[in-house]
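A short write-up of the structure that comes next.
Nothing here was measured: the structure is a model prediction, and the numbers come from that model. Counting convention: from 1, in listed order, for ligands and their atoms alike.
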Amino acid sequence: MSVSQPPARAQRARHSLKAERFTESVIREMTRLALAHNAINLAQGFPNFPAPAEIKRAAKEAIDRDVNQYAITWGAKSLRDAIVARVARTQGLTIDPEREITVCCGATEAMMSAMMAIINPGDEVVIFEPFYENYGPDAILSGATPRFVKLRPPDWTFDPAELAAAFSPATKAIILNTPNNPTGKVFTREELEAIRDLAVRYDAFVITDEIYESILYDGARHISPATLDGMRERTIVVNGLSKTYSVTGWRVGWCIAPPETTAAIRKVHDFLTVGAAAPMQEAGAVALGFPESYYEQLAAGYLARRNRLLGILENAGFHCFRPRGTYYIMTDISAFGFPDDVAFARHLVEKIGVAAVPGSSFYSNPADGRTHLRFAFCKTDETLEAAADRLSRLHRA
Ligand code: GLN
């Protein structure tokens, strides 16, 4: 390994100027507040029910087999092969496990490694907003300038002219999250084609976070941008075990990218983390081979929870944007007459005993999220029932 000299520094700051440009995660702060106030946590998106017995058994067996040392830095062969098989089944894509996959510590690291592998000073990245809050810091840490494009309620569609205006010769990539956190939007083929046309015209990457691909409702279909003509060579797919197998704390995710891009991602990943937890990767290989009935049950379970929380929130006076995917419901809180989302979220967690995520944390300009609040429904029936009870004490203005 060798490194070249950094450019001369103009001035010396005590801490990273990059780190000063973003705040702590609001989602995780809401979890801390929920614990402090003994509130029901409908803020952070993690299931509070058990992971499938088979995946837990596979992890325990892997430890007992002494899979306790580093896996290959870019991922255990068994997991890479299982990813290839599943992507072939779900998207009809042929992936080379030796040259096109990098297993990372969660989709979070996969996204960061991808960004650091492709961004140079002066590069811009187009980000749809509302966005999953990590993408802003991801852009800053990798050195990219973010350019935001609005997804507008009620359907969270974008204006093609606004998207086109965000692209320029400086555009290095667009970040897409479909199904989308926090809106529950699932991008359509037409929308993806419009994005594809711009990405091709400006020779930009499409980084697509597909972590919620198996959580879909109302006949929505997940289309990976990598399957569109002209996209395979410019798409970086980010995915992971967290949501599909209810193991958000295991931290196993991956990138799928063309060979030269994968080579760059693998180097960044190696020096960031060396590798994801080896026994969890073995368990992931087993999970990715679950029969289709597993995925049907997962989606059916979330459909029931979605419908239940929609009813609870609407009864309590929220206007809900009905999600077609993910396990979140974005709401409009105008009816409650609070000055903004943060004040309302605080009232909810402190006085009502329910934690949710203020909409402002999903926007570059916090004022744009002032009337929104996001609720997660990846929770047990008992938790949702208890939340219903507490939310019934809310009063409209
Ligand atoms: N993706 C989840 C959410 O949006 C969890 C975020 C996190 O804390 N990593 O709530």
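Closer than 4.0 angstrom to ligand 1 lie heavy atoms from I27, R28, Q44, G45, Y132, N181, Y212, K243, Y328, R374.
Just one residue in the list W156, F187, Y363 forms a ring-ring contact (aromatic ring centres under 6.0 Å, His included) with F128, and that residue is F187. Of the candidates F377, Y212, F375, Y212 is the only one forming a ring-ring contact (aromatic ring centres under 6.0 Å, His included) with Y328.
With a 4.5 Å cut-off between side-chain heavy atoms of Ile, Leu, Val, Met, Phe, Trp and Tyr, the cluster of W74 takes in I72. Through chains of ILVMFWY side-chain contacts below 4.5 Å, V274 is grouped with Y70.
R99 places a side-chain heavy atom less than 4.5 Å from the side chain of D96.
The side chain to side chain donor-acceptor pair (under 3.5 Å) test applied to Q297 returns no partner, not counting sequence neighbours.
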